[in-house]
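A quick write-up on the structure given underneath.
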Amino acid sequence: MRITSYADRLLEGLERVDFSGSMKDMQRNWIGRSEGAEITFNIQHSTSNITVYTTRPDTIFGVDFMVLAPELELVNEIKSAEQTKAVDDYITYVKSRSDRERMAEVKLITGCFTGAYAINPFNGKQIPIWISEYVLAGYGTGAIMAVPCGDERDFKFATHFNIPITNIIGEHFNGKEANPTKDAILENSDFLNGLVMRDAIKVANDKIEAMGIGKRKVNFRMRDAGFSRQRYWGEPFPIVWQDGVATALTEKDLPLELPHVAKYGPGPEGEGPLANITEWVNTPEGKRETSTMPGYAGSSWYFLRYMDPTNKEEFVSRKASDYWNSVDLYIGGTEHAVGHLLYSRMWTKVLYDLGYIGFDEPFKRLVNQGMITGKSFFVDGAIYSDDVIDKVIFKLQSHHSELPFPFVIKYDGINLKRKEIRGDVRLRNAHRYLDSNGRFTKSMFESYCEFEINYIIDFDKIFVDWDSQNKTESGEPYLNGIVIEKMSKSKYNVDNPDDMVEQYGADTFRMYEMFLGPVEQSKPWDTKGIEGVHRFLRKLWRLFFDELKGKVWNDEKANAAELKIIHRAIKKIEEDTERFSFNTAVSAFMVCVNELADAKCNKKEVLEQMLILLVPYAPHIAEELWHELGNAGSILDATYPTFNPQYLVETTKEYPVSINGKMRTTMNVALDASAEEVELLTLANEVVQKWLEGKAPKKFIFVKGKMINLVI
RNA sequence: GCGGGUGUGGUGAAAUUGGUAGACACGCUAGACUUAGGAUCUAGUGUCGUGAGACAUGGGGGUUCGAGUCCCUCCACCCGCACCA
């Protein structure tokens, strides 16, 4: 799927949407637009040439060598007779290395001289051509011009292989490290001499294009995406094949649905599971395509279908999509930043270009909820008895997913020995075995092991070896290798929400998630606090029904104090909800319920207002109590309460009184008192007089409605 | 390495515009009611100090009558990306 064709528009569209800065950065970074030039170099004693991509054509006179990706066919063409063996050996070496190894050993400098030379088109200088795995075949042209005085990797490469370095930036280059500046004045650079590099880029590009040896070029890091999967779960392609020709199904045969299958095994010759269902694959028109679409196919446009879900003619009518327009608010995680959220933006643009919808960005506003983090426990090594070391190590390396646990050992009581395992070893699901202080102690470890392993070994040794400083008050040792990280099945640090919903109900769970902290922040998951929210909902219920007395709610008229309580809540909850501050809104509900309980207010007039506010936070209990109050119809159709400021009007304020900025006492003063009146009251205050010690204050500061401060 | 974010009690956090730091909860300590409590209610709970008070928002500096909030600087942790020429 040619998402690269939309790269520029995907960048441009980011200017028009309300996404977080980091989300925009991640997408920009992923698209990875760079402006530069392609320059073609002739090769000495050869009719072939090399085209490199560079963003710094201004450094063309600092080129000391060229580097090709080892995979390029050109390498075999140009390698000299003397270097053939070395080049072939190097290519073999590169092929033997996995991507994993390459990534893990970025700092390892490897490479090989090809024996060939390129010619600098401006000064005719011979430039040795090397190959190295640090140049990627898939980006740009797979070839670079190396400028060691200005590029860190080029510099390290040159130093490693003793390639002489040309300095084109004078004192800006110290010979010890590259300087990637664009602000230096060029030297040793022929027609670019004396120019600031930033400006020289344009001059060099103009000259390169005028000479016909290259052209300006924009590159993207983003790649096109494969659009088929050898899997069962995914939309099937409405395509049949006959004699190698693909034909689309006619509309009367749509939609094409997945056939039901008994099992999902892979098909023959690496095909997907659908290939096993011959009665589905073989049609009179030919063989069906057996690959299915990737996950991002459906997720790229489902929100459009929601606008017109029963439409049998089109995926969405223009009338419906014009009415609903793009999504006003999307709440989702950053993990979709460069997948789903980029693909759906592209699809929307495609559908817009085809005229099917009238907007080209799917989501107007995007709020990223923070990740829920979990505690993971690690050990950096283990103690084994000799007879099982080999077995355990083998299991670690070859069956990592089946790894039982590094302490699965038979301890013979004598032959203990510490064996380092490469990398930390995760104690799977150890977070379920913590003491009340969240520590993984020796006794918790014992219950953990009974569950996981067959043999128990010398615990004291493990715990003491780990860190002898870690002791609980009772002297019990505990492990300290805790990492707070993303909660994830693959990290074995998850808690299943279903269990909590089972125990407390969906309202409690929902509200607790909101209560944890700001939506956009990542938060540690700790189920201890859930009790507080659950208690709140029970307390709310008791405003309506008493355990012994039954119904306690009544139809009495609310008094001023009660109206003040509920209107303060209306104001706060509405404001907090508007700014996505759900945690403080939940606390406002708690304050409201606490105050109503203290005031012994069980009045329907007040309570039903609160229930309507509560709908988005605890929908089930709100709906249920709404009906208990004798209301017909759903609470969802009730009118949202309107805040009335007159219930909150105050005539006096309890002012904080500070001396030199430090709060010393408070004073109740009428809100309409003048500054002069307040000053007299302040100076007469007992606490203030004590601090003044008979002296006159240097300065009196009064901020109406806020505070009083005396400088002495 | 580059980009983004976060640091406040024992814990999750609040403080929306520079104006009473710790709201609201969890946990903990007492007590009440109870055959019982994993129910409910009451009181207390940042640290030090008998007290008046002193010290407290990652560390250090600054601006201000006043700083969690603004400025400079350093540190730690988390999340992305990572040989992108």
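Labels below follow one simple rule: chain letters A, B, ... track the order of the sequence lines, proteins then strands, and each chain is numbered from 1.
Atoms CG (A/Asp576) and P (B/A23) sit 17 Å apart, rounded to a whole Å. One can place CZ of A/Phe515 at 7 Å from P of B/A25, the figure rounded to the nearest angstrom.
With hydrogens and angles left out, the side-chain atoms of A/Ser34 and A/Tyr53 include a donor and acceptor closer than 3.5 Å. For the residue pair A/Asn709 and A/Lys699, no side-chain donor N or O sits within less than 3.5 Å of a side-chain acceptor on the partner.
Nucleic acid contact for A/Asn709: base, since at least one base atom lies under 4.0 Å from a heavy atom of the residue. Contacts of A/Leu136 with the nucleic acid, taken as non-hydrogen atoms under 4.0 Å apart, include base atoms. A/Ser587 comes within 4.0 angstrom of a base, heavy atoms only.
Shown here for A/Ile566 and A/Cys592, the closest heavy-atom pair between the two residues is CD1-SG, 4.2 Å.
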Verdict with supporting geometry, A/Asp576 and A/Thr584, side-chain hydrogen bond (donor to acceptor under 3.5 Å, both in side chains):
CA-CA 7 Å; A/Asp576 285 356; A/Thr584 53; 2.9 Å; yes
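Between A/Arg153 and B/A82 there is no side-chain polar atom (N or O) within less than 4.0 angstrom of OP1 or OP2. Checking the phosphate oxygens (OP1, OP2) of B/G53, no side-chain nitrogen or oxygen of A/Arg664 falls inside 4.0 Å.
In textbook terms, a nucleotide whose glycosidic angle is within 90° of 0 is syn, while B/G38, being further out, is anti.
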